[in-house]
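Comments concern the structure below.
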Amino acid sequence: MFSTILISIAKKEVLDNIRNKWIILITILFASLTLLVSYAGSLFSEGWQDLQVTVGGMSALVQILISIIGLMLGYAAIVGEVERGSMGSLLSMPTERLEILLGKLIGLGSVLTITILIGFGIAGIVIGWNVPDVNYGEYLIFIGASILIGLVFLSIGLFLSCIFKKRSTAMGGAIFVWFLFSIIWQFIMVAIIIATGVIENFESISIPDWYFGLQTINPLQSYSMLVSINVGTAPNQQDIGSVLGYPSFINNELLITVLILWIIVCISIAIWRFNKKDI
Amino acid sequence: MVTTAIKCPNCKTKVTIDAVPGEKIIISCPKCNTKGTFLLPRETLKVQMTNDSSAIQVEGLTKIYNGSKAVDNVSFKVKKGEIFGFLGPNGAGKTTTIKAMLGLILVNSGEIQINGKPISKKGKEAKKFVGYLPEQVAFYDNLTALQNLRFYAEMKDATREECVSLIEEFGLGEAINKKVGKFSKGMVQRLGMARAILGNPPILILDEPSGGLDPRGVVLIRNKIRELKNNGATIFVSSHILSEIQEVCDRVGIIDKGALVAQDTVSELSQKLKLKPRITLELEKMSDKVEKAVNQVKGVESIEIVGNKIEILCDPKIKAKVIVAIENAGGNIINLQIKEPSLEEVFMKYTEE
């Protein structure tokens, strides 16, 4: 029965997003952006670039887009239903709150995964036709990392949806989270570097290891480092490590663990809060 | 799907049919070709109830919101198979109590059992017995009526056919594939009622079932409530329309300012409050003699005479004495009406400031 309800809720979320054309819209957006970056994204050469160069160009775009999409899918999932009144009816069914939350995570996670797989998949095939000797392995790592970062932001969205009482407040929270990790974070990091007196002379910059450790807290930075380590070209300008080299502890295991931890922690707190929520 | 055999009313030939309980089907007799519609009665009590006599048991329920008690130490029992009306002024704690019964809110103290299962510990099991119509009925606006019901049906082990049959039963057959976002309030309410009885739950919790309905819809829901009761369902209904509650309920509970101030049958409550019946008599000719005779009957509280009509407020036990006194005084009764104390009077007495 647990799995039946979970699947029912997940299925509804997927069908909902198919009906309101979200899936189609995001898939087209991903595919067209990837093709655009591959064909017209390089200033130094003309025509189709191979997947490695495309991924480098796409990495920063993905950070902006997938984080927004993940948050948008998640922030209203619970609080929206509570506000609309449909949560009461859903909870009056033989269900548990855990099933509802996990069902939504699986359903919305599937929406995100499907759009990334199809969008980037179509773009990868088109690029493969036009560029010889394409390294699909690295492209698959990029797709996998993009799905993971999408799930992280979806989990943050669900967490916000469970801690706030109003949909509008949850949306405010989502906007803040996005600004924090996408924009404010870099200012904070620069401020920390300056305040700690690490940079005295701009001619010979030496970044301490703890700086990279601190950067991993931001899921977008963890994603960026993950892509940079595995694909390795066209560095994101925000990512100093891809230019100067990362300390040895910054590796796939750590970065993937950090991203997975974000999902686990957000969902655990979301479940705890949802269980205590009056509907 | 159930297989059953019926006899053709014309040639008495046995016809075997497959149908879903509650489904209306058109059959034609293979022998004489007589055509007719057949409604397979709904299976009742699909989920087995325990032998305990209480379908719902609420014990010492207290819920505090921001320091003030929304519900204060409320206790009541709803017996299996009865219709229990739950009344109270706005903000008295009705919806809070209902939400607590379904585990939608965390309570500060108290224990709620649905068919013997504590909602706090075995909520999922307890909710298998329940169908719920909330005060504010909400669906997924971008899904059709059928898609919405099918979503809930998956959780209640109900079939597609059952969903279709219920939608038709509530007069929404033509809108079955219409998005709920385009429904009127009354249509949403009807669909909400269909969702509540999806899967034939033995216990129904209905919060303002007539809300937003036109008179035809009100009658439909009232008849449905009666039909469900006849099929053995237990119904807990909260409503502001007291006349309706009085018409369908076996017992009522009155909540005021978070406390349950009364629970019993309407007649028992009016007796407790010493409410008097109102007798209205139309006479062929009114006379002073009649008025004097009625005034002399012990237990008559007040008399009002308008033309040939006399309205008497008296003790319920002396109704017959009053009538005899009028006849002995030469009053020729051509019309008689006895109005028992209404639930409205009971409600007003219990909830007065």
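Scope of the values below: all heavy atoms of this structure, side chains included, with no hydrogens, waters or symmetry mates. Proteins get letters first, then strands, A, B, ... in listed order; numbering begins at 1 in each.
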Tell me, do [X] and [Y] make a side-chain contact under 4.5 Å, heavy atoms counted?
{"X": "B:Met187", "Y": "B:Leu172", "result": "yes"}
{"X": "B:Leu198", "Y": "B:Leu166", "result": "yes"}
{"X": "B:Ser54", "Y": "B:Val78", "result": "no"}

Can you find a side-chain donor-acceptor pair between A:Glu81 and B:Tyr140 that sits under 3.5 Å?
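Note: A:Glu81 and B:Tyr140 side chains meet the donor-acceptor criterion.
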Residue pair A:Ser8 / B:Tyr152, side-chain donor-acceptor N/O under 3.5 Å
no
Please classify the contact between B:Leu143 and chain A as side chain, backbone, both or neither, with a heavy-atom cut-off of under 4.5 Å.
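Looking at B:Leu143, just its side chain touches chain A.
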So what's closer than 4.5 Å to chain A heavy atoms on B:Gln147: side chain, backbone, both or neither?
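Side chain of B:Gln147 only, per the 4.5 Å heavy-atom cut-off to chain A.
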Is chain B contacted by the side chain of A:Arg19, its backbone, both, or neither, given a heavy-atom distance below 4.5 Å?
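It is the side chain, since no backbone atom gets that close.
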Would you mind checking which part of A:Ile9 comes under 4.5 Å of any heavy atom in chain B, side chain (CB onward), backbone (N, CA, C, O), both or neither?
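Both parts, backbone and side chain.
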Option that, when pairs with chain A are counted at under 4.5 Å, heavy atom only, ranks first among B:Leu102, B:Ile205, B:Leu106:
B:Leu106
Can you tell whether the side chains of B:Lys224 and B:Glu227 come within less than 4.0 Å, N to carboxylate O?
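Counted as a salt bridge, because a side-chain N and a carboxylate O are separated by less than 4.0 Å.
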Is it the case that the ring center of A:Phe120 lies less than 6.0 angstrom away from the ring center of A:Phe142?
yes
Ring centers of B:Phe76, B:Phe236 separated by less than 6.0 Å
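Aromatic pair counts; centres sit under 6.0 Å.
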For chain B, which residues of residues 268-279 of chain A have heavy atoms nearer than 4.5 angstrom:
A:Asn275, A:Lys276, A:Lys277, A:Asp278, A:Ile279
